[in-house]
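Notes for the one structure printed next.
Atom set for the values below is all heavy atoms of this structure, side chains included, hydrogens, waters and symmetry mates excluded. Both ligands and their constituent atoms are indexed starting at 1 by order of listing.
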Amino acid sequence: MPTDIEAYREQIRSFIADQGLRLHREGVRVPRDSDEERTIRGWLRSLYEAGYLGAGWPPGWGGRPGHLPVHDLALMEELIRGDAYRPLDQVMLASHAIIAFGTEKQKQELLPRIRSAEHIWCQLFSEPDAGSDLAALRTRAEPDGDGFLVTGQKIWSTDAQWADMGMLVARTDPAVERHAGITAFVVPMNLPGIEVRPIREMTGFAEFCEVFLDGVRLGPEHVLGDVNGGWKVLTSGLASERAFVGANAVQLDRMFSDLISLATAARQPDGTTALEHEDVQAHLATALARVEEVKLIVRDTVDRILDDNEHPSDGPVAKLAYTETNVALTELAMQLITSSTSIDDDGLEIADRWYHNYLWGRALTISGGASEIIRGIIGRQLLHLPRA
Ligand SMILES: Cc1cc2nc3c(=O)[nH]c(=O)nc-3n(C[C@H](O)[C@H](O)[C@H](O)COP(=O)(O)OP(=O)(O)OC[C@H]3O[C@@H](n4cnc5c(N)ncnc54)[C@H](O)[C@@H]3O)c2cc1C
């Protein structure tokens, strides 16, 4: 594995150019047993086979010598830059948790199936009344012989409509302190008692699902980690989930040039283009300053990964900076669109992309920790501010 990161990036870029599966829209998911699903599984499998995914796993499980966290970041950035379909967070988090907490048998059964893309995973954490405050979860796993009977409802489960496996957290001991009474489970999604209902979003697509669990029987082999030790399992992956959202900042230059193209194509009532107007120019200048700021913040995070050789503790800063700037840019794009009387033909495709970004962009400010929660984490963990 090249330690020269530029050479590694170059290698990924040519791999994507040869075989990359294009991502047309973020937040778009496919139905189970469709051709698109098979294509996505094939692409994920080829990323594992080429050694780009799973390279950080322990050597016995297919990890590669010399792998550094910065390789993961380079992969993410190049996939985003190349508009290629990204590996699913849920699968990456599942493998992380199985490696850290799984029994030998669970590793043997589950990790190869992740590598072959036979198993797509979903995350069954959030509930209607437990999102940011996940410890409030109410799904119960009650003792039943040597296993458990699980009843409750999960929501916002990305990919549950085609997932083969779910990482579930449920309450196993209601009598103890709420973080202490939770257990993590690995759950085949085809078990009796599981019902998955996709939720149609304002983008028109269905990325998330509601998942209903009605007396689902789980055995001891489904427990991941210790009984009542689920909090540790679920929090172990969240930091790495946040760490790489900032990788999306590689899109910002293109987004800014898309804004300029939009302003050039957006016709005002007097026939001029939006770009000719001083107030639009001022908004664009502010947007450019913001884009450059975020790029510096994310670059700083990358430098720390290189220096410290570990996943960054300041991933939340990059996540917050990117996701909030993304929303600000989409708002400016919508202002340009709605204040124009027409869009020239060559701007229509770009305008269409902005519509989708506008509807989807907010989701990124919520997933992996809503912005308010991330600000709290930055205040407490990075700035060491006292609790208010
Ligand atoms: C794109 C996307 C993918 C997702 N994928 C999954 C998935 O695969 N599996 C899964 O289990 N979940 C998933 N989620 C759910 C996600 O984890 C939750 O939406 C998130 O944790 C917020 O919870 P909530 O929606 O219940 O909002 P709430 O927690 O009810 O928050 C509502 C608002 O109140 C604010 N708020 C809450 N508590 C505080 C506080 N203490 N201080 C200040 N403000 C606060 C929040 O910031 C937010 O603005 C996904 C969400 C998105 C958007």
- Query: Within the structure, does Gln123 bring an N/O atom to less than 3.5 angstrom of an N/O atom in ligand 1?
  - Reply: yes
With nothing but distance in play, are any N or O atoms of Trp360 less than 3.5 Å from an N or O of ligand 1? no
Worksheet entry | Check: Gln106 side chain, Glu221 main-chain N or O, donor-acceptor pair, under 3.5 Å | yes
Note to self: Between Met167 and Phe125, is there a side-chain heavy-atom distance shorter than 4.5 Å?
What the structure shows: yes
So salt bridge (Lys or Arg N to Asp or Glu O under 4.0 Å) across residues 278-289, not counting sequence neighbours, yields none
If we number the atoms of ligand 1 from 1 as shown, the ones under 4.0 Å from a heavy atom of Phe125 are 11 (O)
Review point. For the side chain of Arg45 and the backbone of Ser116, is there at least one donor-acceptor N/O pair under 3.5 Å apart?
Key: yes
Using distance alone, decide if ligand 1 has a nitrogen or oxygen within less than 3.5 Å of any nitrogen or oxygen in Gly369. no
Worksheet item: Just distances here: any N/O of Ser371 and N/O of ligand 1 closer than 3.5 Å?
Response: no
*asked:* So for ligand 1, is Asp133 a polar contact partner (N or O within less than 3.5 Å, distance only)?
replied: no
Original post:
Is Trp121 near ligand 1, meaning one of its heavy atoms is under 4.0 Å from it?
Top reply: no
Closest to atom 35 (C) of ligand 1 (heavy atoms only, candidates Glu372, Glu207, Lys154) is Glu372
- For Ser367 and ligand 1, does the shortest N/O to N/O distance drop below 3.5 Å? no
Notebook entry, point to check: Based purely on interatomic distance, does Ser132 place a nitrogen or oxygen under 3.5 Å from a nitrogen or oxygen of ligand 1?
Noted result: yes
Quiz item: Do we get Arg41 above Trp162's six-membered ring, with its NZ or CZ under 6.0 Å from the centre and within 45° of the axis?
Solution: no
Quick note on ligand 1: atoms under 4.0 Å from a heavy atom of Ala370 include exactly 46 (C), 47 (O)
(message) Salt bridge or not between Glu293 and Arg290? Use side-chain N to carboxylate O under 4.0 Å.
(response) no
Review point. Salt-bridged, Lys232 to Asp226, with N to O below 4.0 Å?
Key: no
Check this for me: does any side-chain nitrogen of one of Arg267 and Asp345 sit under 4.0 Å from a carboxylate oxygen of the other? no
